[in-house]
Q: 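Before I ask anything, let me first share the structure, which is written out below as structure tokens.
In what follows, every chain begins at residue 1, and chains take the letters A, B, ... in the order their sequences are listed.
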Amino acid sequence: MINPILIRSDFPILSRTVNGVPLVYFDNAATTQKPTSVIDALSNYYLTINSNVHRGVHRLSMEATEEFEKARISVAKFINAKSSRSIVWTRNTTESINLVAHSWAKKNISKGDKIVVSQLEHHSNLVPWQQIAMERDAQLVIIPISDEGVLDLSNIDVLLDSSTKLLAITHISNALGTINPVKDLISLARKHDAFVLVDGAQSAPHLPIDVQDLDCDFFVFSGHKMLGPTGIGVLYTKEEILLDMDPFLTGGEMVMQVWDQKASWNDLPMKFEAGTPNIADVIAFGSAISYLENLGMDNVRKHEIDLTKYALEALSKIDGLNLLGPCDTNNQAGVISFDISSIHPHDVGTFLDQRGIAIRTGHHCSMPLMHRLNLPATARASFYIYNTFEEVDKLVDSIVGAIEFFGK
Amino acid sequence: MENEKQDLSLLYTPLILEHSKNPRNNIVLDSADISCSAVNPFCGDEISIQIQTERDKISSVGIESTGCFLNIASSSIVSQAILGLSVPDINEFIKQYRLMIQRQSGNSNDIVILKYLEDDIKKSLDEISKVRDFPIRIKCTLLVTMALQDIKMN
């Protein structure tokens, strides 16, 4: 069981006010707040062990390297990867996907191959594949969705067939909260020997993840959406695939030996981590993982289901408010997108901000999805471990207030 | 860190809301001498403008804008304000409009390029300039100037 009241005392920022009223932070799908333990881990690194990793023989470097690699092991354990050699640090989910596009896809996608994505993708899991499709003369295929934002799999046997080389799919839609049946899709892709990348930016923070059970080839996510600092992303890749991939960036750290005219590559995973890494943030991210593991990811999910059910029920009663997405917590995460026909989402956002409530408004980096829904933008509230039912009440009251203020 | 609470009704005044619900010059011209458009890639708001001239003066304007109340209201107000201006003066108008919104206590008097302003346009300009107290929304009101600075003669 999660007690958000207790949890809140670990997050100093949650006690500040905005516009004279307590902050209600509902923009967790964009980035989450950080607990004191993460902030302390970050500053303790600089206060006590600041040094470069993997190269010094002195004590500080040894301690920093140990902490840095401990975080890698924590992340591997968190997603049940077989080995921490499968975990490559990147800056964020976007960079993880670009790494796969550059180092795997350019070598493995050929003319006429299919790359299958869905209508729910964030730009970060769409644009790199558009680029690869253009460059390799491959075909980009998009799995359509229903009006409720759920994948329409009625034609999946035609879309995902033996010419498919890669299925790159989001686990949870950042814009609508839809949870995709990725395990079923991965089984189907396996039948056609296609590779699978799962965009876990919105799932790793909110659901228990087991990459071996999913059997995906690549799984990507960001630290800052799960209590960690910005600037740290993760690329999980099956080790046998990673071994066969070309480097992404080249230079220091990623080499084994360098001669005048050529170089050989370092072992996994350093082969993919050129230059001094983001040491402090990696260590702090390790602390974020510990925080989530102490809570238990099943409990995190349970708390979000409770909040989402409660919010969906209350919001569905507001006249003039149109809920988007599945509206069913069996296949919806703690993300609620809505549209008020009489008010543009940005105006709703400004109104709520005046009442201290932070939501996201806009196209959520999913313009093709907005086109499909025939909306320029939506308003989105997204929940996390420290959100309370009382905060949902404030959101609902304030939306009613906004509709009154702007006039129907 | 803490900023003073701003009164929303100072920005979303009845007149501004009226502009956004019934934008002026929201028409497509049969023919235009000038057309321009702009998109805010961060929010998806769009605006396209057509201008017809007579003896180098703007004689009619057609504006289509989609998005938030502030973009629509601002483009509606600008469509009224620029009628009668000469085309080369548009650049100066853009400069003054932006200055009005961005400087402390700016108001319609900043737009000196408009030698005569009808009272209702003057009031609309005064009220839209209050967006300065909501800095994150300033870009919504300036999208119309992004379009105008990119004018092309047809």
Q: So, A:K34 side chain and A:L227 main chain: donor-acceptor pair closer than 3.5 Å or not?
A: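 Answer holds: no.
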Q: Under 3.5 Å, is there a donor-acceptor pair between the side chain of B:S76 and the main chain of B:R24?
A: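 Side chain of B:S76 to backbone of B:R24, a donor-acceptor pair under 3.5 Å: yes, one is there.
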Q: Among B:S74, B:S65, B:S37, which one satisfies side-chain contact (heavy atoms from CB on, under 4.5 Å) with B:I47?
A: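 Of all the options given, the one that passes is B:S65.
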Q: Could you look at B:L70 and say if it's the side chain, the backbone, both or neither that has a heavy atom under 4.5 Å from chain A?
A: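 Both backbone and side chain.
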Q: Measure A:M370 against the heavy atoms of chain B and call it side chain, backbone, both or neither at under 4.5 Å.
A: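 It is neither, since no heavy atom gets under 4.5 Å.
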Q: Output the option from B:P41, B:G67, B:C140 having the highest count of non-hydrogen pairs under 4.5 Å with chain A.
A: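 Answer, by heavy-atom pair count under 4.5 Å with chain A: B:G67.
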Q: From A:F406 CZ over to B:S20 OG, what is the distance, rounded to the nearest 0.5 angstrom?
A: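 It comes to 9.0 Å.
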Q: Which answer fits B:D45, side chain, backbone, both or neither, if we ask what part of it has an atom under 4.5 Å from a heavy atom of chain A?
A: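 The answer is the side chain of B:D45.
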